[in-house]
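Here the structure comes first, spelled out in structure tokens, and everything after it is commentary.
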Number of protein chains: 2
Amino acid sequence: MPNVTQLMAGHSPLPLYVQIRDSLRRQILDGHFEVHARLPSENDMMNTFGVSRITIRQALRDLHNEGLVFSAQGKGTFVSKPKAVQNVQRLEGFGEAMAAQGYEASARVLSIQQMKAPKAVAAALDLQPGDETVEVKRVRYLNRSPVCIENSYFPMDVGRQMFSLDLSGDIFPMLENLFDIPLGGADISLDAILADNETQQYLNLKAGEAILRVERLTHNRDGRPIDFEYLCYRGDSFKYQFRIDRK
Amino acid sequence: MPNVTQLMAGHSPLPLYVQIRDSLRRQILDGHFEVHARLPSENDMMNTFGVSRITIRQALRDLHNEGLVFSAQGKGTFVSKPKAVQNVQRLEGFGEAMAAQGYEASARVLSIQQMKAPKAVAAALDLQPGDETVEVKRVRYLNRSPVCIENSYFPMDVGRQMFSLDLSGDIFPMLENLFDIPLGGADISLDAILADNETQQYLNLKAGEAILRVERLTHNRDGRPIDFEYLCYRGDSFKYQFRIDRK
DNA sequence: CACTCCCCCTTGTTATGACAAGTTATGGCG
DNA sequence: CGCCATAACTTGTCATAACAAGGGGGAGTG
């Protein structure tokens, strides 16, 4: 008797809480709710969607992590003030993230080569000193302006397959769909440096400009490091945004 | 009959899943588990701790968000490789975060004054143009070296009380304990800029060095913005680290 | 010996039910 | 009229139960 309601007609490959989460997210982003407006109570939503409370709460938890809503015990769940960049909590490649915001993103491959892993790369990818890796250098464009230099390093079993592929798009979907490597999480580290000569040249910078440098180590779902990258963004044309919580 | 087990003797003010989460975290950080070792299964933990599965999962979900563990369906839950900076998913002030890693952190107040809110500050704090704010400027030291300039802006009802207080420590605990303002989440944005004259001077920098600039807008638990800050870190002596997930 | 299929163990999802804790509105009492 | 107790809601925590989905190992078969 329960759960007669199916949000999608026919087959339903996605978990209910994902469907509900996405449905609520769309409504919020479409402006269906005012900023700081109270969402229907969890009890209401149980009836609306025809699911149990635990499922509603799982959907709300995700939206909360995304920074779209916040809750207050005894009062309700409310819509957050909209942010310029939403949902950076999720691991996304440059192109995926920008496309989601309506930008036109592209990439140009500078070089791809097999080489001995530099020390920091070997440590990150769990390789022995002297082991080989595949290095891919690319420039990232936003609306046809260069904004980022990307140096990626892959272990040989992954990188070997890259020489024969078109690398002008996103690499994450390629890893997942073509290589069948389900991605898990990534460790990210940010600092600021001055542009070196090569970076200056490719990003059309004057001498001595500030660069936002991101180190990103992406793991597959089993925790094995798959992709170690240095991303050097123009400091004046890119911001990294996200949201964290107390407690 | 259920739940006879109490982890702490006597009263138990903390939720069970918090106690379990903290207990597991301590064991992991103490090296009780090897890196990549499998944790006891959720079923085992149910017996060990004498709680239901939902409680175990709630604890594991938090540890997963902290980047301490990762799970693989059908296989188990595993310990992540340890990171230099752990737990940046949680909203912490500079001093709190550094103290947790064994650094000696301190602050020196440069100025505190009431002033008209600059445009960006007013927008962030939800103030009308022309409204007054309290600005606090401080230098942050790590092991007695200056690493960060901090400009904080508070709405008047909060900032008014700051003139009579010692601001050489952390402000977050002060807001929570002295002002009784429970903190919720924060929106963070990072970019890279060049040091201006004032920053150069206070951080002992040469001309034209790179600065990692953090904008942080902290809300109370009801979603009202309480504290808007610009944090300018020396690019060469500080890194921002965190972890995000796919899906 | 090798290969396949099946069972068991693991995490993932979901339902139902219950009580605690915090907020708000209502209504009665002084 | 004002104050306070209380009822009605809301989110937070937790128990019990069940099935789905994915992985691994062992047994059986070729």
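Excluded from the calculations below are hydrogen atoms, water molecules and symmetry mates; all remaining heavy atoms, backbone and side chain alike, are included. In what follows, chains are A, B, ... by sequence order, proteins preceding strands, each numbered from 1.
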Which atom pairs, one a donor and one an acceptor, fall under 3.5 Å between side chains of residues 116-131 of chain A and the rest of the protein, sequence neighbours left out?
unit_1 : atom_1 : unit_2 : atom_2 : d
A:D126 : OD1    : B:K81  : NZ     : 3.1
A:D131 : OD2    : A:Q128 : N      : 3.0

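Rounded to an integer number of Å, the gap from CE of A:M45 to P of D:dT10 is 11 Å. In this entry the distance linking CD of B:Q19 with P of D:dC14 reads 8 Å, nearest Å. Between the CD1 atom of B:I54 and the C1' atom of D:dT16 there is a distance of 10 Å, given to the nearest Å. The interatomic distance linking A:L63 (CG) with D:dT11 (P) rounds to 14 Å, in whole Å. Straight-line distance from the CG atom of B:N47 to the P atom of C:dT10: 11 Å, rounded to whole Å. The separation between B:M46 atom CE and C:dG12 atom C1' is 15 Å, rounded to whole Å. B:Q58 has its CD atom 15 Å from the C1' atom of C:dT13, to the nearest Å. The nearest whole Å value for the distance from the CG atom in A:D222 to the P atom in D:dG24 is 8 Å.
Listed by chain and residue number, nothing satisfies the salt bridge (charged side-chain N to carboxylate O under 4.0 Å, His left out) test with A:E135 (two or more places apart in sequence, or in another chain). Checked against side chain to side chain donor-acceptor pair (under 3.5 Å), B:N220 has no partners two or more places apart in sequence or in another chain. By the salt bridge (charged side-chain N to carboxylate O under 4.0 Å, His left out) test, A:D180 is found to be paired with no residue, residues two or more places apart in sequence or in another chain being considered.
The list of salt bridge (charged side-chain N to carboxylate O under 4.0 Å, His left out) pairs with a residue in residues 27-41 of chain A, not counting sequence neighbours, is empty.
Checking the phosphate oxygens (OP1, OP2) of D:dT10, no side-chain nitrogen or oxygen of A:S71 falls inside 4.0 Å. Phosphate proximity of C:dT10 to B:T77: absent, as no side-chain N or O sits under 4.0 Å from OP1 or OP2.
When each of C:dT14, D:dT11, D:dC14 is scored by its nearest atom to the side-chain atoms of B:Y17, the top-ranked nucleotide is D:dC14. When distances run from any side-chain atom of B:P15 to the nucleotides C:dT10, D:dT13, C:dT13, the shortest one goes to D:dT13.
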Anything under 3.5 Å between a protein N or O and an N or O of nucleotides 18-23 of chain D, put it in a table, one pair a line.
unit_1 : atom_1 : unit_2 : atom_2 : d
D:dA18 : N6     : B:R53  : NH1    : 3.3
D:dA21 : N3     : B:Q73  : NE2    : 3.1
D:dG22 : N2     : B:G74  : O      : 3.2

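With hydrogens and angles left out, the side-chain atoms of A:D166 and A:S168 include a donor and acceptor closer than 3.5 Å.
B:R38 comes within contact range of the sugar-phosphate backbone alone, with a heavy-atom separation under 4.0 Å but no base atom that close.
No donor-acceptor pair under 3.5 Å is formed between the side chain of B:R21 and the backbone N or O of B:L16.
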